[in-house]
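Counting begins at 1 with the first residue of the sequence. Computation of the quantities below employed the complete heavy-atom set of this structure, encompassing side-chain atoms and omitting hydrogens, waters and symmetry-equivalent molecules.
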Amino acid sequence: MSNGSSFYITTPIYYPSDVPHIGHGYTTVAVDTLARWHRQAGDDTWMLTGTDEHGQKMLRAAVANGVTPQQWVDRLVGESWFPLLTTLDVANDDFIRTTQERHEHNVQTFFQTLYDRGYIYAGEYEALYCVGCEEFKPESEIVDGTGAFEGLKVCAIHSKPLELLQEKNYFFKLSEFQDKLIELYTSVPDFIRPESARNEVISFVKQGLKDLSISRSTFDWGIKVPWDEAHVIYVWVDALLNYATAVGYGSDPEQFARRWPAFHVVGKDILRFHAVIWPAMLMAAGLEVPRGVFAHGWLLVGGEKMSKSKLTGIAPTEITDVFGSDAYRYYFLSAIAFGQDGSFSWEDLSARYQAELANGFGNLASRTVAMIERYYEGIVPPPGEYTDADLAIQQVVADAAATADAAIERFRIDEAIAAIWKIVDALNLYITENEPWALAKDDAQRGRLGTVLYTAAEGLRALATLLSPVTPVATEKLWIALGAAETLGRLQDQPIRAAGKWGALKPGSSVNGLAPLFPRVEQTV
């Protein structure tokens, strides 16, 4: 079992059958922000992301494009999925591909363990299968087709016809774990979050679990069943195991003991795999279940979940090329209650960018640095005696830091940002009310001017620390402009849980010219 300071967190393992859209980016930056926060808190943090590269859908796409499956996934990952991490300034610790030897070999080790422990048996299976989901569909996700698909059964998620498959497969005894799963959900109430997701899973499991078909024999693009190479392991079983194989399961016991178990952040459409099948498999293998599963909502465009087939998929670069990666990260993480569906619109993004980032945070930083340069020759002044107004700012900073940290512990990134933004609003009001430009005209108010500008600069120091997991590029620029890098060290090394402690910024530090953190975007999108 990992020690108490370990924080291992994963994105879903993405299926790279197409280019990534903003929904993939949303999940990735959320996990990256949580990981960055815990790193700065001093926790032993590890962030994993990666790609799920086996399965029938990938095989068919490769055939349609006249290449081998491996060539196809290599192209997709190299041209689209690796670059996404750079586009969004993601600081992941590892990227796993399910076609890597470190994964494939240890999936077989796990599978053999389940077989040896009596949880796998051979049988025949006939059911409706969705290639898009790579899943035999339950009745609740099968609907009657309309239009061109009238008279057919279609997937409720993909709106495409299902295939009736009849195979000799191997089955996992999922049905034996119904009571154990209910006990898990009851004894660890926050194992599944948010509450709506937890209720959905409990209701599903209480309806009764059926044994799970976990091999396929009609195609060969997958990991071979170790005792029967006529079968490949079901792609979802293969994919779920990445969370364990990436941190040493089957190959590095010390690393696995250090990291496991993990927190998983997933889209709500794949919740059952992570909150039902995955913990049951781990129980069967005699391993610890995950620390928790958090299911976020969908990003909606025009009221619908994004879909390439419906032309509602938006590439992250369409946003970052105009507004930058920080704006992308800030917008999606603050505008949507994490765990609920959220609607994207260019108008809302543009409005929030201008009001909150450019005019709110960016302008606060620019004018504070500019006034220190103008009135104190670029040297952060020492504060004098604090007034009630100054002490109120100190309290806002302390409260915001504590509230944000508590929100992060609940995986509510949106609530953390809202708490931190109170510092932005309070400092802007503080500067307006204390009018440093007026104080500068009166030599008798020189001491008061120094206190006001130190308060503003120290507030920005706290803001840079607290916002660095969300907007790493802008906060790094601000950190350097405040002269904090020379006296306090690297921004990413600042203890984030101590960010609210007043007085860290050293008087006498040299500020540097600060270009706008969030340049105005004049052209509407």
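- Counting heavy atoms from C-beta outward, Thr11 and Leu48 have side chains that stay 4.5 Å or more apart.
- Residues Tyr331 and Asp348 bring a donor and an acceptor atom of their side chains to less than 3.5 Å of each other.
- Side-chain contact of Ser175 with Asp211: a donor-acceptor pair under 3.5 Å is present, judged by distance alone.
- Ring geometry for Phe411 versus Phe7: interplanar angle of 30 to 60°, hence tilted.
- Glu53 and Thr99 are linked by a side-chain donor-acceptor pair at a separation below 3.5 angstrom, with hydrogens and angles left out of the test.
- In this structure Thr68 satisfies the side-chain hydrogen bond (donor to acceptor under 3.5 Å, both in side chains) test together with Gln71, sequence neighbours excluded.
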Practice task
Carefully, step by step, assess His264 and Thr10 under the rule side-chain hydrogen bond (donor to acceptor under 3.5 Å, both in side chains).
Solution key: CA-CA 5 Å; His264 303 308; Thr10 73; 2.8 Å; yes
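- Using modelled atom types, one finds a donor on one side chain and an acceptor on the other under 3.5 Å when comparing Thr28 with Tyr14.
- With contacts defined as side-chain heavy-atom distances shorter than 4.5 Å, the pair Val232/Lys224 qualifies.
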Handout entry: side-chain contact (heavy atoms from CB on, under 4.5 Å) evaluation trace for Leu282 with Trp260
Key = CA-CA 12 Å; Leu282 291 165; Trp260 189 259; 3.7 Å; yes
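- In this structure, Phe332 has its ring center under 6.0 Å from that of Tyr328.
- Checked for salt-bridge contact, Arg193 and Glu409 miss the test: no charged N lies under 4.0 Å from a carboxylate O.
- In the displayed structure, Glu183 atom CD is contacted under 6.0 Å by at most 12 heavy atoms of other residues, nucleotides or ligands.
- Checked by atom type and distance alone, the side chain of Ser203 never pairs as donor or acceptor with a backbone atom of Asn199 at under 3.5 Å.
- Using a cutoff of 4.0 Å between basic side-chain nitrogens and carboxylate oxygens, Arg39 and Asp93 are scored as salt-bridged.
- Counting all heavy atoms, side chain and backbone alike, Arg490 lies closest to Asp493 at NE-OD2, 2.8 Å.
- Seen from the ring of Phe191, Arg198 does not count as a face-on cation partner, given the 6.0 Å and 45° thresholds.
- Judged by the 6.0 Å distance and 45° axis criteria, Arg291 is not positioned over the aromatic ring of Tyr8.
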Exercise for the section: Would you sort out whether Trp72 and Leu59 count as a side-chain contact (heavy atoms from CB on, under 4.5 Å), showing the intermediate values? Expected result: CA-CA 9 Å; Trp72 180 243; Leu59 174 62; over 6 Å; no
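- Asp89 has no carboxylate O lying under 4.0 Å from a charged side-chain N of Arg329, or vice versa, which leaves the two without a salt bridge.
- Of the inter-residue distances, the one linking Ile420 atom CD1 with Leu466 atom CG reads 5.0 Å to the nearest 0.5 angstrom.
- For His231, the ring pair (Phe, Tyr, Trp, His ring centres under 6.0 Å) partners two or more places apart in sequence, or in a different chain, are Tyr170.
- The salt bridge (Lys or Arg N to Asp or Glu O under 4.0 Å) check on Glu163 picks up Arg60, with sequence neighbours excluded.
- Counting heavy atoms from C-beta outward, Trp37 and Thr45 have side chains that stay 4.5 Å or more apart.
- A distance-only check finds a donor-acceptor pair linking the side chain of Asp228 to the backbone of Ala230 [under 3.5 Å].
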Practice task
Apply ring-ring contact (aromatic ring centres under 6.0 Å, His included) to Tyr119 and Phe171, showing your working.
Solution key: CA-CA 8 Å; Tyr119 290 107; Phe171 289 78; over 10 Å; no
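- Asp190 has no carboxylate O lying under 4.0 Å from a charged side-chain N of Arg410, or vice versa, which leaves the two without a salt bridge.
- Between the side chains of Glu104 and His54, at least one donor-acceptor pair of N or O atoms lies under 3.5 Å.
- Looking at Thr98 and His103, their side chains never bring a donor and an acceptor atom within 3.5 Å of each other.
- Defined by atom type and a distance below 3.5 Å, a donor-acceptor pair is present between the side-chain atoms of His274 and Tyr243.
- Between Ser468 and Thr475, the side chains place no donor N or O within less than 3.5 Å of an acceptor N or O (distance only, hydrogens not considered).
- In this structure, Lys210 contributes its side chain and Leu174 its backbone to no donor-acceptor pair below 3.5 Å.
- Residues Val154 and Asp144 form no side-chain contact, since every pair of their non-hydrogen atoms from C-beta on lies 4.5 Å or further apart.
- For the 3.5 Å distance criterion, the side chains of Glu356 and Tyr330 qualify, holding a donor opposite an acceptor.
- Ring geometry, Phe323 versus Trp346: the interplanar angle falls under 30°, so the pair is classed parallel (tilted spans 30 to 60°).
- If you take CD1 on Ile202 and OH on Tyr185, they are separated by 8.0 Å, rounding to the nearest 0.5 Å.
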Problem - side-chain contact (heavy atoms from CB on, under 4.5 Å) between Trp236 and Leu212, intermediate numbers included - result: CA-CA 11 Å; Trp236 263 106; Leu212 178 70; over 6 Å; no
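- Residues Phe256 and Asp252 fail the side-chain proximity criterion, which asks for heavy atoms closer than 4.5 Å.
- Donor-acceptor pairing under 3.5 Å is lacking for the side chains of His296 and Asp341.
- Look at Asp94 and Arg102 and you find a salt bridge, because one of the NZ, NE, NH1 or NH2 atoms lies within 4.0 Å of a carboxylate O, short of that distance.
- Here the CH2 atom belonging to Trp227 is positioned 6.0 Å from the CD atom belonging to Gln112, to the nearest 0.5 angstrom.
- Inter-residue side-chain proximity for Trp81 and Thr49 is flagged as unmet; no heavy-atom pair is nearer than 4.5 Å.
- Atoms CG and CD1, on Leu34 and Ile9 in that order, are 4.5 Å from each other to the nearest 0.5 Å.
- Taking CD1 of Ile496 as the start and NE2 of His38 as the end, the distance is 9.5 Å to the nearest 0.5 Å.
- Between the side chain of Glu124 and the backbone N or O of Lys168 there is no donor-acceptor pair closer than 3.5 Å.
- Not one N or O on the side chain of Thr471 forms a donor-acceptor pair closer than 3.5 Å with the backbone of Ala474.
- Checking Asn169 against Ser213 by side-chain atom types alone, a donor-acceptor pair falls below 3.5 Å.
- We find that Glu141 and Arg272 are joined by a salt bridge, their nearest charged nitrogen and carboxylate oxygen being less than 4.0 Å apart.
- Using modelled atom types and a 3.5 Å distance limit, the side chains of Ser5 and Asp43 yield no donor-acceptor pair.
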Exercise for the section: Determine, stepwise, if the pair Arg97 / Asp52 fulfils salt bridge (Lys or Arg N to Asp or Glu O under 4.0 Å). Expected result: CA-CA 6 Å; Arg97 299 179 59 185; Asp52 169 18; over 6 Å; no
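- Taking the side chain as every heavy atom from C-beta outward, Gln108 and Val225 never approach each other to under 4.5 Å.
- Contact annotation: the side chain of Glu415 never approaches that of Ile408 to less than 4.5 Å [non-hydrogen atoms, C-beta and beyond].
- Shortest non-hydrogen contact noted between Val265 and Pro12 is O-CD, 3.0 Å.
- You'll find the ring centres of Phe263 and Phe294 outside the 6.0 Å limit.
- Taking CZ from Phe177 and CD1 from Ile277, the interatomic distance works out to 12.5 Å, rounded to the nearest 0.5 Å.
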Practice task
Would you please test Val73 and Met58 for side-chain contact (heavy atoms from CB on, under 4.5 Å) and show each step?
Solution key: CA-CA 8 Å; Val73 295; Met58 204 66 73; 3.4 Å; yes
